[in-house]
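This report refers to the structure that appears directly beneath it.
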Amino acid sequence: MHTFLTDKVVLLSGASAGIGRSLLFRLIEAGALVAFCGRSEQKMNDLYLEIGAEEMKKHFSGIFCLSKETEIVNFIRGIHEKFGRIDYLINCAGLNSARGNVEEINTEDLDWMYKINLRAPMIMMKETSKIMKPFKQGTIINVLSTVCLFSNEGIGAYTASKSGLDALTKVFRKEVRKTILKLSLYIRVVSIPGSVILSGKIIFLRKV
């Protein structure tokens, strides 16, 4: 089946579970060349078995924690060396590891969610945009959450981290637009709320 994603290089974070895992298989079905990563060695090994050794030769993967900037940079460098380009970045990894009212938030929990939900996607955007620029095109997609739209008590740390990514996405989109005018680039920066995933079913990303 030929689709607009056929032979496109897609960097997908958070591929070992949830939204990311479902996206991974949809991307492979669509003919994309997927560079995916996850933190759990067991879950990633299960993915390798399900994908199959022959099919895995087409793709690229890494097992590491997104809290480590060096690991992210090295992973992206490896993608560039294998494929020579990155057409799409999908920042899908995220977590809500602690709940509690603001007066109860542990700062260590807040820092951890900021590392995974905001800092890591920022590094991904920063490094992949450098690779996209020479090709004058690319698409960056940040998977957010409905907490960016609604203020729900008890999840202040998670809300702050995801809302921070929402704000960063909007800023980066404006910065890219200015660069587009100067360098004739066509790099899109978009975001989608996590609510597109209902009962394990994905409303697949369409070409826009």
Side-chain angles (χ1 to χ4, degrees), residues 8-21 23-24 27-28 32-45 47-48 51 56 58-97 108-135 137-145 157-158 160-173 175-176 179 187-192 194 205:
K8 296 294 185 182
V9 180
V10 182
L11 195 175
L12 172 68
S13 70
S16 61
I19 297 172
R21 191 178 193 281
L23 272 176
L24 172 62
L27 289 166
I28 290 174
L33 305 173
V34 190
F36 60 98
C37 60
R39 183 176 56 171
S40 168
E41 185 172 356
Q42 181 59 57
K43 289 180 180 179
M44 290 292 285
N45 286 332
L47 275 180
Y48 299 152
I51 293 169
M56 271 302 302
K58 303 176 186 177
H59 309 289
F60 187 81
S61 68
I63 303 173
F64 59 91
C65 181
L66 288 171
S67 64
K68 299 177 181 178
E69 181 174 3
T70 302
E71 296 281 358
I72 297 174
V73 173
N74 288 339
F75 178 61
I76 293 173
R77 184 178 294 124
I79 299 168
H80 194 205
E81 290 175 355
K82 180 176 176 67
F83 298 111
R85 69 184 197 279
I86 297 175
D87 300 300
Y88 290 83
L89 164 63
I90 305 178
N91 273 316
C92 191
L95 55 80
N96 183 7
S97 56
E108 290 181 357
D109 292 329
L110 178 64
D111 290 344
W112 176 242
M113 279 186 264
Y114 259 75
K115 282 184 178 180
I116 304 301
N117 296 341
L118 175 58
R119 183 173 174 269
M122 183 278 291
I123 297 168
M124 288 279 196
M125 289 192 290
K126 174 184 174 182
E127 297 301 323
T128 56
S129 63
K130 294 175 185 177
I131 295 172
M132 290 175 175
K133 278 184 179 180
F135 295 92
Q137 62 181 351
T139 299
I140 295 172
I141 301 168
N142 291 328
V143 179
L144 301 176
S145 168
Y158 176 68
S161 64
K162 279 294 189 177
S163 296
L165 179 57
D166 184 25
L168 184 66
T169 302
K170 292 171 182 174
V171 170
F172 190 53
R173 184 184 298 131
E175 292 172 349
V176 167
T179 307
I187 298 177
R188 294 172 294 181
V189 181
V190 300
S191 60
I192 57 173
L205 303 176

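For the numbers below, each heavy atom of this structure counts, side chains included, while hydrogens, waters and symmetry mates do not.
- The salt bridge (Lys or Arg N to Asp or Glu O under 4.0 Å) check on Lys82 picks up nothing, with sequence neighbours excluded.
- A distance of 8.5 Å separates CG in Leu95 from NZ in Lys162, rounded to the nearest 0.5 Å.
- Distance CG/Leu12 to CE/Met124: 9.0 Å, rounded to 0.5 Å.
- Between Ile79 and Ile131, every side-chain heavy-atom pair lies at or beyond the 4.5 Å cut-off.
- In this structure, OG1 on Thr128 lies 6.0 Å from CD1 on Ile86, to the nearest 0.5 angstrom.
- The side-chain heavy atoms of Phe36 and Met44, taken from C-beta on, include a pair separated by under 4.5 Å.
- Looking only at side-chain heavy atoms (C-beta outward), Leu27 and Tyr88 stay at 4.5 Å or farther from each other.
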Report, one line per pair, each donor and acceptor closer than 3.5 Å where one atom sits in a side chain of residues 64-76; sequence neighbours left out.
residue: Asn74; atom: OD1; partner: Arg77; partner atom: NH1; Å: 2.7
residue: Asn74; atom: ND2; partner: Thr70; partner atom: O; Å: 3.3

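- To the nearest 0.5 angstrom, Arg188 atom CZ is 11.0 Å from Ile140 atom CD1.
- At least one side-chain heavy atom of Met113 sits less than 4.5 Å from a side-chain heavy atom of Tyr158.
- No more than 12 heavy atoms of other residues, nucleotides or ligands shown are found within 6.0 angstrom of CZ on Arg39.
- Closest approach of Pro121 to Ile116, counting heavy atoms only: CD-O, 3.3 Å.
- Legend: residues meeting side-chain contact (heavy atoms from CB on, under 4.5 Å) with Asp87, ordered by chain and number and at least two apart, are Lys8, Val9, Arg85.
- Looking at Cys92 and Leu23, their side chains come closer than 4.5 Å, going by heavy atoms from C-beta outward.
- How far OG of Ser61 is from CG of Asn45: 9.0 Å, rounded to the nearest 0.5 Å.
- No donor-acceptor distance shorter than 3.5 angstrom exists from the side chain of Ser163 to the backbone of Ala160, with no hydrogens or angles considered.
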